[in-house]
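The structure appears below as structure tokens.
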Amino acid sequence: MAEAISTTAEILPKAYEPHEVEKRWYSFWEQKGLFMAKITDEKRPYSIVIPPPNITGSLHMGHALNNILQDILIRYKKMAGYNVLWVPGTDHAGIATQNVVERQLAAEGLDRHTVGREKFIERVWQWKEESGGQIINQLKRLGCACDWSRQRFTMDEGLSRAVREVFVRLYREGLIYRGDYIINWCPRCHTALADLEVEHETHKGNLYYIRYPYAEGTGYVVVATTRPETMLGDTAVAVSPEDERYKNVIGRNLILPLLKRVIPVISDSYVDPSFGTGALKITPAHDPNDFEIGLRHKLPTVKVMDETGHMNDEAGPYRGLGRYKCRKKVVADLEAEGLLEKIEPLEHAVGHCYRCKTVVEPTLSKQWFVSVKRLAERAVVAVETGQTRIIPKTWENTYFDWMHNIRDWCISRQIWWGHRIPAWYCDTCSEVIIDTEAPVRCPKCAGKNIRQEEDVLDTWFSSALWPFSTLGWPEETRELKLFYPTSVLITGFDILFFWVARMLMMGLHFMGEVPFKDVYIHALVRDAEGQKMSKSKGNVIDPLIIMDKYGTDAFRFTLAAFAAQGRDIRLSEQRIEGYRHFINKVWNAARFVLMNVDGCQTVEVLRPAPRLSLENRWILSRLKEVIVQVREGLEDYRFNDAAQALYQFVWREYCDWYLEMIKPTLYLTEDQEARNAAQQVMLSVLSASLRLLHPFVPFVTEELWHYLPGSTGSIMEAPFPEGKDYPEDLESEEQMGLLMDVITGIRNLRSEMNVHPAQKVNVIMLSGDAAGRALISVHEGSIRTLARVENLEIRADGDRPRGAVSYITDQVETYMLLQGVVDITAETARLQKEAVKLQTELKRVQNKLANSDFLERAPAAIIAKEKDKVQEFVARLEKIEANLKRLKNVQV
RNA sequence: GGGCGGAUAGCUCAGUUGGGAGAGCAUCGGCCUUACAAGCCGGGGGUCACAGGUUCAAGUCCUGUUCCGCCUACCA
């Protein structure tokens with residue numbers, strides 16, 4: 001056995017070195033198939049589908065936090081005895097991916113149109129095979145326990161089939177339609193965008209006041225606009241029906257400047273009389289509101305721009321100009337004609353493409369839509385009735401708000417990379433055919449001139465099906481039966497609408513059940529200054545670099561410890577460094593234990609026996625408490641509480657107090673039985689701590705697990721500790737409390753008297769309480785060790801020693817003898833300070849107890865507590881004052 | 001415009017049924033005590049944004065104000 005001890009010390013280096021360890025254990029887990037769910041397992045199921053990262057993505061802080069939290073839950077539930085499944089996968093990310101490949105082509109002097117659709121798609125697939133797996137490897141780096149055998153991609157054959165199936169069913173139910181509608185157009189990406197894909201930003205612009213002359217007679221109406229170039233598409237001017245100023249103008253005709261078209265003045269309650277001049281120019285083809293007004297008044301629509309943002313034939317002399325050049329020229333021409341009244345600066349919101357930040361152009365266009373009203377209603381009810389809980393609850397309001405005001409979802413995109421819409425047009429008879437498979441001939445006219453819709457679906461369309469499409473839908477698979485609805489979805493609030501709401505709608509519609517029971521919305525990771533991390537700001541902290549520098553476990557623990565609900569995380573490297581120290585502490589605690597286990601060969605959970613000594617009973621009782629806290633924290637998604645509880649327990653209680661306290665027993669005692677007990681307890685608490693820590697810091701715990709005597713297999717297969725195995729022991733906690741208080745008191749005296757840490761001191765303790773004296777006496781060894789005491793005398797009563805400084809509690813008076821002369825002035829000051837503090841406290845409590853209202857209305861337990869305090873304070877004060885008197889006498 | 005969140009120690013933040021203000025980091029002082037200097041021991045530091053109210057009792061509940069964030073929206 002002596003050999004074994006020295007080997008352990010050699011095997012475990014002084015400091016934890018994460019890199020080699022991390023690599024080794026991840027492949028170990030994968031090889032042993034520990035991440036794989038078993039469909040035949042009879043344990044209770046617990047399932048999560050990953051929010052699929054874009055294949056173009058590289059791991060950022062948001063991914064890291066998101067996936068670490070999922071991994072913590074997955075590992076916890078697995079150890080807690082569930083049949084867990086974590087489905088991983090990636091998203092094809094239509095626009096983003098297409099942009100990447102287009103950029104590649106551009107570098108070669110090509111573009112997608114010269115290459116052609118088929119070849120282009122091939123290129124994208126090729127790119128995906130070569131570079132699209134990057135993010136997956138980065139997730140592995142994080143330690144994610146995903147079932148990689150079930151990895152999916154939104155463009156997989158199976159998922160594509162689900163997409164077509166959903167499209168066809170919705171179409172046949174009348175929930176998908178095609179129509180002319182005003183949509184947001186990105187002139188750079190050449191595609192329609194859903195409302196959600198438009199980001200609004202405040203811009204400093206101008207409000208131009210333009211005169212529209214009457215067609216008959218003299219005079220003009222002045223309209224105000226921020227976008228003068230759209231006037232070329234105006235088909236009316238609207239005023240408010242309640243606006244007295246324009247009462248006689250309604251129904252008259254105006255001459256549209258520059259193009260000289262005749263347009264009417266109409267009245268519509270949408271117009272706000274207080275803004276601008278109260279007259280609004282109406283451009284139905286280039287403004288969503290104007291479009292609605294145009295519908296109401298049956299106005300013609302005139303599109304003046306093409307899909308690249310350039311003016312078209314309808315713009316007459318402005319044809320071919322870019323929209324901003326055109327704006328300049330229109331303004332200049334108006335000015336020249338004396339029709340520009342004035343220009344005022346104005347801040348207003350401008351929509352941008354969420355992908356490329358180009359200013360979007362509202363444009364009239366033929367697109368496919370999902371009619372979402374009915375679907376949304378059901379999804380609202382599901383949350384209202386608690387079938388799905390949104391956590392933190394505050395997000396429910398945001399969700400309801402959005403769902404109640406939801407507008408139809410534009411699902412067609414004019415790009416090539418994505419699920420091509422399963423619609424075909426017959427050129428012979430104009431029939432539209434919607435089917436999951438391509439038709440050979442037109443079912444109506446039997447013609448063969450059939451071509452498929454060019455557009456593809458919004459990427460979020462396939463994402464919306466993710467919870468059931470990844471489990472095999474539309475087949476009725478055993479996976480679906482077992483793991484749907486999934487247990488929880490973990491995501492950031494930024495995709496609550498994009499994704500979560502739509503999954504709820506689709507899940508309810510096609511599965512008849514919510515896709516997940518809980519939705520946990522986690523924080524946003526910001527930089528140390530609270531700024532959102534972004535490449536353009538240059539404040540991005542790269543998780544991969546962090547993991548290189550500090551190790552994955554330190555990184556994981558940091559994020560978990562800061563993942564408080566409802567608040568963003570401000571991350572700085574300093575903090576991660578702090579938690580690296582914690583990982584190292586765990587490492588060294590284990591190192592210490594392993595160096596001192598001798599022949600102890602068991603890591604069995606040890607039931608606290610009454611025969612165990614105080615510190616052993618105490619640490620087991622504390623362990624019970626931390627188990628409860630960790631479990632509750634994880635069940636309630638309070639990751640920070642769970643992590644903090646572990647941090648405190650392992651470092652402060654286990655390392656600082658418990659291990660220090662048993663050192664004499666381990667080193668010196670002749671009592672073999674006591675030593676064995678200490679060894680068993682320290683080992684079993686270490687074992688439990690490692691298991692509790694494992695979901696947070698999987699690598700270091702797995703590494704240490706294999707050094708524990710008697711451990712078998714992976715720590716992932718070990719049971720998560722249960723509170724019921726460790727009865728709480730209040731007596732031991734109370735007694736330990738007294739000892740810790742006295743020891744801290746002596747340490748304090750030493751420090752204040754500048755006693756060198758290596759120097760031992762002599763102490764006399766007085767206590768009128770026999771039980772207290774017995775306790776101190778039994779544990780005087782601990783006091784000697786932890787407070788560095790040479791001679792310790794325990795008395796019931798008697799003269800207070802001269803030449804001593806004191807620490808007074810209500811139960812024990814502790815005197816530390818000084819070798820030289822006590823500085824009476826300093827000691828008096830010290831005691832007086834203490835006395836004043838106590839008197840203030842005492843007074844406060846006494847006032848409370850003097851209040852008859854308090855005595856009448858406060859619960860008995862609270863009153864009793866206050867009374868206890870009075871007793872304690874009075875006892876301490878009396879003793880301190882007695883000491884002060886003695887000091888005074890000495891002085892005299 | 002509507003909505004939500006935040007304001008607690010120098011910094012970053014906990015504080016879940018209202019009952020004597022906490023942690024980490026930083027700082028100061030002392031220690032290379034044979035697991036760990038990525039460590040050990042000790043100390044200092046807060047009118048819990050402001051003003052009212054409810055209550056025996058408010059960081060915690062209510063109202064208002066100020067200052068920061070964020071989301072959302074069809075004021076041209």
Side-chain angles (χ1 to χ4, degrees), chain A residues 9 12 14-16 182 195 200 207 223-227 230 238 270-272 274-277 279-283 287-293 346 348-349 362 392 394-395 397-398 401-402 405 493-494 496-497 524 526 528 530 532 550 554 561-562 564 566-572 574-575 577-596 632 636 638 640-641 644 647-648 652 655-656 659-660 663 667 744 747-752 754-758 785-788 841 844-845 848 851-859 861-863 865-866 869:
Chain A
L12 280 191
K14 270 176 97 164
Y16 173 56
I182 192 102
D195 294 335
H200 291 274
L207 191 58
V223 301
T225 179
T226 52
R227 306 188 53 210
T230 62
Y270 167 78
V271 181
D272 174 3
S274 65
F275 188 88
T277 61
L280 171 66
K281 63 190 260 327
I282 304 296
T283 323
D287 184 281
N289 305 308
D290 295 6
F291 177 76
E292 299 286 342
I293 294 170
L346 179 79
H348 62 125
T394 160
W395 287 105
N397 285 331
T398 315
D401 248 30
W402 191 74
N405 299 318
F493 62 82
D494 48 333
L496 182 61
F497 306 134
L524 201 69
R526 301 172 175 280
K532 206 167 172 172
Y550 303 100
F562 281 97
R567 194 167 219 176
D568 290 344
I569 298 174
R570 293 198 189 190
L571 193 70
S572 72
Q574 209 183 25
R575 250 159 257 181
E577 204 178 341
Y579 283 106
R580 179 179 60 169
H581 297 174
F582 176 62
I583 305 299
N584 195 52
K585 190 72 185 178
V586 172
W587 178 263
N588 271 291
R591 185 164 174 260
F592 172 80
V593 169
L594 293 170
M595 286 166 83
N596 291 287
E632 283 180 358
D636 296 344
R638 295 191 330 255
N640 58 322
D641 286 351
Q644 295 292 355
Y647 184 97
Q648 292 298 325
R652 305 271 88 98
C655 290
D656 287 352
L659 290 182
E660 291 304 325
K663 275 179 180 175
Y667 293 155
T744 306
R747 285 169 169 174
N748 189 346
L749 292 176
R750 297 177 56 108
S751 182
E752 290 197 25
N754 289 319
V755 178
H756 191 278
T785 314
L786 297 181
R788 295 234 145 203
E841 292 289 310
R844 193 191 299 168
V845 181
K848 220 171 184 178
N851 184 340
S852 59
D853 284 333
F854 174 71
L855 294 174
E856 274 167 38
R857 305 192 191 206
I862 298 290
I863 296 174
K865 212 167 141 192
E866 296 294 314
K869 275 187 219 163

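Order of the sequence lines sets the chain letters (A, B, ...), proteins ahead of strands, with each chain counted from 1.
- Counting only heavy atoms from C-beta outward, the side chains of Phe854(A) and Ile862(A) approach each other to under 4.5 Å.
- Taking atom C1' on both nucleotides, U66(B) is separated from C50(B) by 7 Å, rounded to a whole Å.
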RNA chain B base-pair string [pairs: Watson-Crick or G-U under 3.5 Å; |: paired with another strand]: (((((((..((((.....[..)))).(((((.......))))).....(((((..]....))))))))))))....

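- Residue-level contact check: Glu841(A) touches the bases, meaning some heavy atom is under 4.0 Å from a base atom.
- Among the atoms of the strands shown, only primed sugar atoms or phosphate atoms (P, OP1, OP2) are found under 4.0 Å from some heavy atom of Asn851(A).
- Applying the salt bridge (Lys or Arg N to Asp or Glu O under 4.0 Å) criterion to Lys585(A), with sequence neighbours excluded, gives no partner residue.
- With the nearest nucleotide of RNA chain B identified for both Phe275(A) and Arg580(A), Arg580(A) has the one nearer the 5' end.
- Comparing Thr398(A) and Arg844(A), the nucleotide of RNA chain B nearest to each residue sits closer to the 5' end for Arg844(A).
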I'd like a table of atom pairs between the protein and nucleotides 72-74 of chain B - only N or O on both sides, under 3.5 Å - with the distance next to each one.
residue	atom	partner	partner atom	Å
C74(B)	OP1	Arg407(A)	NH1	3.2
C74(B)	O4'	Asn289(A)	OD1	3.1
C74(B)	O2'	Tyr270(A)	OH	3.0
C74(B)	O2'	Asn289(A)	OD1	3.4
C74(B)	O2'	Asn289(A)	ND2	2.4
C74(B)	N1	Asn289(A)	OD1	3.1
C74(B)	O2	Asn289(A)	OD1	3.1

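- Here Glu841(A) pairs with nothing under the side chain to side chain donor-acceptor pair (under 3.5 Å) rule; sequence neighbours left out.
- As rounded to the nearest Å, G39(B) and U34(B) have P atoms that lie 16 Å from one another.
- Closest to the side chain of Phe493(A), out of C70(B), G5(B), G42(B), is C70(B).
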Summary of protein contacts for nucleotides 28-36 of chain B, nucleotide by nucleotide, where a base hit scores B, a sugar-phosphate-only hit scores S (4.0 Å, heavy atoms): -BSS-S-BB

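- A parallel orientation is assigned to the rings of Trp395(A) and Phe493(A), their planes being inclined by less than 30° (bins at 30° and 60°).
- Here Glu577(A) pairs with nothing under the side chain to side chain donor-acceptor pair (under 3.5 Å) rule; sequence neighbours left out.
- Listed nucleotides: G19(B), A26(B), U12(B). Nearest to the side chain of Arg575(A): U12(B).
- Of all nucleotides listed (U16(B), A23(B), C41(B)), C41(B) comes nearest to the side chain of Arg747(A).
- When heavy atoms are screened at a 4.0 angstrom cut-off, Thr744(A) is found touching the sugar-phosphate backbone but no base atom.
- Among the atoms of the strands shown, none is found under 4.0 Å from any heavy atom of Lys281(A).
- For Arg652(A), whose side chain is taken as the heavy atoms from C-beta onward, the closest listed nucleotide among A76(B), G42(B), C40(B) is C40(B).
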